[in-house]
There are 2 protein chains.
Amino acid sequence: MQDTHITLAHGNGGRLMRELIEQLFAKHLHNPTLNTQLDATTLPWSASQLVVTTDGFIVKPLEFSGGNIGSLAIHGTVNDLAVAGAKPLYITLNAFIEEGLEIAILERLIISMAQAAQQAGVSVVAGDTKVVQRGEGGGLYLATTGFGVRIATQSLDFSTIQAGDALLISGAVGNHGIAVMLAREQFGLRGDLQSDSACVFPLTEALLPFTGLRFMRDPTRGGLATVAHEISQATGHALVLEQPTIPIHDSVQTVCDMLGYDPLYLACEGRVVAVIAADQAEQALAIWKTLPQGQQAAIIGHVQTGYARVILRTALGGERLLEELEDDPLPRIC
Amino acid sequence: MQDTHITLAHGNGGRLMRELIEQLFAKHLHNPTLNTQLDATTLPWSASQLVVTTDGFIVKPLEFSGGNIGSLAIHGTVNDLAVAGAKPLYITLNAFIEEGLEIAILERLIISMAQAAQQAGVSVVAGDTKVVQRGEGGGLYLATTGFGVRIATQSLDFSTIQAGDALLISGAVGNHGIAVMLAREQFGLRGDLQSDSACVFPLTEALLPFTGLRFMRDPTRGGLATVAHEISQATGHALVLEQPTIPIHDSVQTVCDMLGYDPLYLACEGRVVAVIAADQAEQALAIWKTLPQGQQAAIIGHVQTGYARVILRTALGGERLLEELEDDPLPRIC
């Protein structure tokens, strides 16, 4: 491309938009089903169930340690399919690009997106770009819609959760939130902490053989505490979290202590929370621990009869209620 | 909802976001497949081909005569499915909401979206909301992904177009672009001109029985001239447009003359351009004219052997080349 920065003319439907799409997006995201000349694409489909999800991404800054908005947009969407018991197959992509964005940055983000898609085994099959005026966007906002085929045989929804079920998490919480925060110069902090952003399909696929698997979710916005509240509210049961068992990296805890954040409310982008029958929890945990992404997996709590609330049991045996998230601890995190 | 304006807390994954989704989005867009508690939804699917499209919407202002960003986001996406020979079935929705947006306005837009979806026969099956800080958005940006089932038996792509084929348009051009422009106070103009924004599926479905139907497209960003260029470049043939036959409302032409716009480059959001074998063109036109949306349909040109270019033949028999769009005549029109 001749230009170094995005102009409004890159969004007008004419020659420059075509060049932007062909020389940047399609160049890196090409695959047999992506045809930039057509407004819609036809995909072969043999399964009887289609699993669909959609997600928007407004992370600031666009790049952070361990990822960027491009890889995040792929991971966030394939992960929503994975926790629904589906194998992710296809992605559509919307880009809202702010006038003035450096094209070299945009290309880096697209390359990262292409790599994440390849690693996750998904193809970007359709896309759209819009350019907004300078001062009316955040550099780049992305929206991705993912579709996959259901491979779970369990129903995997809240209604199957029973009192006594165990709660598992696949790894340490809060890394993504803190990694994005450290990338914001306003905090004046530095660290080598990386986002956990990753495709969780290997983790979810590994649990599907368990007949006692009830439900899975990736704890993104609002973190583990918010997933716990969702489970509690949907089931009417209490959720008990055992604080000492929740994996939290020292570096995450240190930054949280300094700034007054609670890591239980911070976004992860590569973790899975699973609810599973108590008698299968240890075996499920053992399987997760054999996977590279699951080495710090842990059983962190259980579902308890009684009214809906989230209880955090501390190392000393004390209990406190985890409130539902109200104020945003870190806006624009995903 | 208690609040009157969107705050960052409406985007944080917690209680206020849940209220926003349940009390505004799900309230109006509810249907049996929409489940706001799940990150992904499972759809029954019996067809062997899945047609997918995605589109972003940044129109400014959010409301204009004849529509708004909500109805537009439905029409734009179902129309891309329709011109691909598909019957639109499902939509996913992403909303990027700017902090400070009045909730009453947001509700109006969602209601309009729900009405447009109902009229088009599609269900909104999944959605996501993100809130961006004040000054980092345009009030509301939407991205919609549409899924449909292919009902066309023709292949409907550029490769089937032959020299001699006729070009049809289903109605007058430029109305959407001018309606949005008139809604911008900066121009100091008023008029009762309405956007043509509508679902074109009745128009596209009506042409599917024609064995000579080669290709359809809705002339949105860049207008009719840009569709003509796309056809010309993809086929390597010249496209001849007969200027006197192109339907343009007097009010659109008047505003264009005043401000120096060419209506052939302005966006439509409820028109179809079709390429069809010359010997079936009159019959196809007659069918379109029986439909409410096709009463001003016309045969406006043909495909001609020779190198790729777009020729406009004037009333006096003169010819001029229509350039490919470079500068954006009207940014943020769709």
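Note: hydrogens, waters and symmetry copies are ignored here, and every other heavy atom, side chains too, is used. We name chains A, B, ... by the order of the sequence lines, and we start the count at 1 in each one.
Of the possible polar contacts, one joining the A/Glu98 side chain to the A/Gly135 backbone as a donor-acceptor pair under 3.5 Å is found. Looking only at distances, no side-chain donor or acceptor of B/Asp55 sits under 3.5 Å from a matching main-chain atom of B/Thr53. With hydrogens and angles disregarded, no donor-acceptor distance shorter than 3.5 Å links the side chain of A/His75 to the backbone of A/Ala120. A donor-acceptor contact shorter than 3.5 Å is absent between the side chain of A/Asp218 and the backbone of A/Thr220. The main-chain N or O of A/Val227 is never found under 3.5 Å from a side-chain atom of A/Arg217 such that the two would form a donor-acceptor pair. Looking at B/Arg214, its side chain never comes within 3.5 Å of a backbone N or O of B/Leu156 through a donor-acceptor pair.
Once rounded to the nearest 0.5 Å, the distance linking CG of A/Asp262 with CG of A/Leu322 reads 7.0 Å.
Listed by first and then second residue, the salt bridge (charged side-chain N to carboxylate O under 4.0 Å, His left out) pairs that reach into residues 73-97 of chain B come to none, sequence neighbours excluded.
By number of non-hydrogen pairs under 4.5 angstrom with chain A, the leading residue of B/Glu136, B/Gln133, B/Gln49, B/Met17 is B/Glu136. Chain B forms the most heavy-atom pairs under 4.5 Å with one residue out of A/Gly56, A/Ala225, A/Gly127, and that residue is A/Gly56. Interface summary for chain B: among A/Asn35, A/Leu50, A/Val51, A/Thr129, the most heavy-atom pairs under 4.5 angstrom belong to A/Leu50. When the candidates A/Ala40, A/Ala267, A/Ala95 are compared by the number of heavy-atom contacts under 4.5 Å with chain B, A/Ala40 comes out ahead. When each of A/Gly137, A/Ala126, A/Gly138, A/Cys334 is checked for heavy-atom pairs under 4.5 Å with chain B, A/Gly137 comes out on top. Ranked by heavy-atom pairs shorter than 4.5 Å toward chain A, the options B/Leu93, B/Thr226, B/Ile58 are led by B/Ile58.
Partners of B/Glu19 according to the salt bridge (Lys or Arg N to Asp or Glu O under 4.0 Å) rule, which considers only residues two or more places apart in sequence or in another chain, are B/Arg15.
If you measure heavy-atom distances from B/Phe57 to chain A, the contacts under 4.5 Å come from the backbone alone. With a 4.5 Å cut-off on non-hydrogen atoms, A/Ala84 touches chain B through its side chain but not through its backbone.
Residues of residues 229-237 of chain A that come within less than 4.5 angstrom of chain B, heavy atom to heavy atom, are A/Gln233, A/Ala234 in numerical order.
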Show me the side-chain donor-acceptor pairs of residues 142-149 of chain B shorter than 3.5 Å, one per line, residues at least two apart or across chains.
{"from": "B/Thr144", "atom 1": "OG1", "to": "B/Ala73", "atom 2": "O", "distance (Å)": "3.0"}
{"from": "B/Thr144", "atom 1": "OG1", "to": "B/Thr77", "atom 2": "OG1", "distance (Å)": "2.6"}
{"from": "B/Thr145", "atom 1": "OG1", "to": "A/Thr92", "atom 2": "OG1", "distance (Å)": "3.1"}
{"from": "B/Thr145", "atom 1": "OG1", "to": "A/Thr145", "atom 2": "OG1", "distance (Å)": "3.0"}
{"from": "B/Thr145", "atom 1": "OG1", "to": "B/Thr54", "atom 2": "OG1", "distance (Å)": "2.8"}

